Asks: 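Quick one: the structure is below, questions incoming.
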2 protein chains.
Amino acid sequence: MVTLAEVAQHAGVSASTVSYVLSGKRSISANTRQRVERSIRELGYHPNAGARALASSRSNVIALMIPLRTDMYVPVMMEIAIAVATTARTHGYDVLLLTGEEGPDAVRRVAGSGLADGMILMDVELDDERLPLLRGGGPAARAESRVGDDQPAVLIGLPADTTGLTCVDLDFKATGALCVEHLAEHGHRDIAVIGEAPAVYERHTGFAERTLDGLRGRARELGLRLLHRPCEGGYDAMAVTLARILDERPGTTGFVVQNESAVEPLLALLRQQGRAVPEDVSVVAICPEQVAVQASVRLTSVAIPAQEMGRRAVEQLVAKFEGRGGDEVVLLAPELTVRASSGPAPGRP
Amino acid sequence: MVTLAEVAQHAGVSASTVSYVLSGKRSISANTRQRVERSIRELGYHPNAGARALASSRSNVIALMIPLRTDMYVPVMMEIAIAVATTARTHGYDVLLLTGEEGPDAVRRVAGSGLADGMILMDVELDDERLPLLRGGGPAARAESRVGDDQPAVLIGLPADTTGLTCVDLDFKATGALCVEHLAEHGHRDIAVIGEAPAVYERHTGFAERTLDGLRGRARELGLRLLHRPCEGGYDAMAVTLARILDERPGTTGFVVQNESAVEPLLALLRQQGRAVPEDVSVVAICPEQVAVQASVRLTSVAIPAQEMGRRAVEQLVAKFEGRGGDEVVLLAPELTVRASSGPAPGRP
DNA sequence: GAGAAGCGTCGAAGCGCTTCGACACCCGCC
DNA sequence: GGCGGGTGTCGAAGCGCTTCGACGCTTCTC
């Protein structure tokens, strides 16, 4: 293993000079810099992460807490995770992967041990038990038992109370509203919402409820009828859900789907029942782009900007490290892409 | 931030004693241990990871390299990653998430900097460029430019040459054979294989080719006709692929599918063409359990044991850390679960 | 009852790096 | 020609922990 000292000796300078070449925190003459860089290359030097962390009390690591469950919106999670990892690298950070398993203890452990400089939390619940540890800022919060002095953190998702927190998320309320608007414009009056699995609502993962808020609010404003039904993914569950919906509201012509694994089953079932999409029935999905494009009918959809969310989260966090920008809620504006699954309601031009 | 020294002072012992209480590397009287543990609790002490790594030259971190692509077998990747993370925690390790993006450089960086004690690589290609850096053991290898002195590593996947490497994977060759056998037993004579996307074969990700080996070998032995067609996921691609297959081999009654995102489209298309599953046509999938269960027809399938793979990879790696066990190839035996998508060929009891 | 053998604890020496203050030197200026 | 102010480099002091050898005490053995 090559050390700083060896590089210094090889280049004929002192250790501190090598360090300054590496960090750029003091000016170094071009000549010296080149000699040092050459030595680094020749010896194949890599700075020791532990020593660095110890001396500088910065680990250059970002912790990412992902949910333990692998049963829902997996592709979204994965995309976010990858976006976080790659974006972090461009800022010189590595990513530590934590699962929700440990719960709040993981926050304490990571913060306390200096394993990471900050953390990004995914799948935040409305009243997440990890939040009290993370709130910064407010004088009220200061008094509480928080982690050391500010463990910088960014949430992907939106808890009920965002005081002292930085959050990044899609604006799900606007997303809901957008879907309803689109269907309303095409003359649909009776809309059914295929929601996430009941468990998602029970956990109070905010996004599902916020979407519902948006859907309901807009429907009310526009005078539409809206029926919401949670749905486990899969064909069987969807069959049951759909039957109930059509039983209760036979006149339904517009569907909004927020459960990836219900999308294809829904299309199959509609087809099977002789309801053509988009001639008889319109479907709008809230899902990753790829799902929308690969479905058996190319779906009109609001994309979940997973990459963007991951990227923004990292950037917010890095900004915090650098003392820039404080607590902030970043809500990404939804964009609805019209594809082949939606059109005028029957009997409308 | 609380330090070891503060704990020591609080407990009225020396720093080294506290350290030994923590590590258990020397015997400590029950009395002293309790005093120390109490102080640790009262002060909320967390050992500093950097200092620890520096002093012990062990980081207690495992690096996990996942593929950058988010376009295929995502759920499998995610499940493996989560299994790795949770298993690692039970052994006292954290997981550093690396994307394939950096390529071999990531291996050098992590190994050289002591960021991790070892690594797990996913999505290994047959002749992966990261491998030369990782081979241990063999005297021939010793001569090559390897990373320091052995960066312990475990691959998930199986490269062409496994000398000096430890690998964990599903036995895809046996998997292929198993699928063919199942169909053969039911009297199917003409079998079509819907493979992964062409890109997967071009990259020489071994698993796809090994599956094909198994399929072909067994088909030859049993005298069956086998047609293999790669297929991008999605409805449209599947439609084209299926049309070609049925054009070329109209008598096809058995399908083996190895592409998650082709499964549902295939079922939909068959249905649409009036071919009943399993009465007219049998389908066997190689996919995660959940996909098989959630499909519109409950699929006979060989499950991809993602969790098991992640767990085993970590255990192999930890064994290496502890000097136990050398290079080894762990191939998990496939298990075929019969569900509702396969049965006797038409005209067979 | 003296010596051997453990056991439990301590002190000190680093691990490889960052960073602060000091210092030498060179430039330009009055 | 001396002085102020940059600029580039160095030395040394830690960062918080692990670990080795040493040491004193108790217990055992003959």
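Keep in mind that what you see is a predicted model, and the values were worked out from it rather than measured. Because only heavy atoms are used, hydrogens play no part in the values below, and waters and symmetry mates are left out as well, while side chains stay in. Letters A, B, ... are given to chains in the order of the sequence lines, protein chains preceding strands, and every chain is numbered from 1.
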Asks: So, for B:Ile28 and B:Arg33, which heavy atoms are closest and what is the spacing to 0.1 Å?
Replies: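 Closest approach of B:Ile28 to B:Arg33: O-NH1, 3.4 Å.
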Asks: Which nucleotide of DNA chain C is the first, and which the last, in the 5' to 3' direction, to come under 4.0 Å of a heavy atom belonging to chain B?
Replies: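 The contact span of chain B on DNA chain C goes from C:dG8 to C:dG16.
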Asks: Under a 3.5 Å cutoff, is there a donor and acceptor pairing between the side chains of A:Ser56 and A:Arg58?
Replies: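 Note: A:Ser56 and A:Arg58 side chains miss the donor-acceptor criterion.
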Asks: Taking only distance into account, with no hydrogens and no angle test, what donor-acceptor pairs under 3.5 Å do side-chain atoms of residues 96-104 of chain B form with protein atoms, sequence neighbours excluded?
Replies:
{"residue": "B:Glu102", "atom": "OE1", "partner": "A:Arg89", "partner atom": "NE", "Å": "3.4"}
{"residue": "B:Glu102", "atom": "OE1", "partner": "B:Arg109", "partner atom": "NH2", "Å": "3.1"}
{"residue": "B:Glu102", "atom": "OE2", "partner": "B:Arg109", "partner atom": "NE", "Å": "3.1"}

Asks: Expected output is a numbered-order residue list: members of residues 51-63 of chain A with a heavy atom under 4.0 Å from any atom of DNA chain D. What is it?
Replies: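 Those residues whose heavy atoms fall under 4.0 Å from DNA chain D, taken from residues 51-63 of chain A in numerical order, are A:Leu54, A:Ala55.
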Asks: With sequence neighbours left out, what residues match A:Ala11 under side-chain contact (heavy atoms from CB on, under 4.5 Å)?
Replies: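 Here the qualifying residues are A:Val13, A:Val36, A:Ser39.
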Asks: For B:Asp105, I'd like to know if atom CG has over 12 heavy atoms of other residues, nucleotides or ligands within 6.0 Å.
Replies: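 Yes.
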Asks: In degrees rounded to 10°, what angle is found between the helical axes fit to the five outermost pairs at each end of the helix from C:dG1-D:dC30 to C:dC30-D:dG1?
Replies: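 The two end axes of the helix from C:dG1-D:dC30 to C:dC30-D:dG1 meet at 40°.
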Asks: Which part of the nucleic acid does B:Thr3 contact within heavy-atom distance under 4.0 Å: base, sugar-phosphate only, or nothing?
Replies: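 Counting heavy atoms under 4.0 Å across all strands, the contact made by B:Thr3 is with sugar-phosphate only.
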Asks: Is the number of heavy atoms from other residues, nucleotides or ligands under 6.0 Å of B:Gln9 CD greater than 12?
Replies: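 No, not enclosed.
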Asks: Considering all heavy atoms of both residues, which atom of A:Leu131 and which atom of A:Val124 are nearest to each other, and what is their separation?
Replies: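 Answer, listing the atom of A:Leu131 first, then A:Val124: CD2-CG1, 4.3 Å.
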Asks: Which heavy atom of A:Ala53 sits nearest to which heavy atom of B:Gly50, and what is that distance?
Replies: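 It is CB-CA, 4.2 Å.
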Asks: Please compare A:Ala5 and A:Tyr20 by the position of their nearest nucleotide in DNA chain C and report the one closer to 5'.
Replies: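 Going by which nucleotide is closer to the 5' end, it is A:Ala5.
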Asks: Pull out every residue in residues 21-49 of chain A that has a heavy atom closer than 4.0 Å to any atom of DNA chain C, ordered by number, or say none.
Replies: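 Close to the strand are A:Lys25, A:Arg26, A:Tyr45, A:Pro47, A:Asn48.
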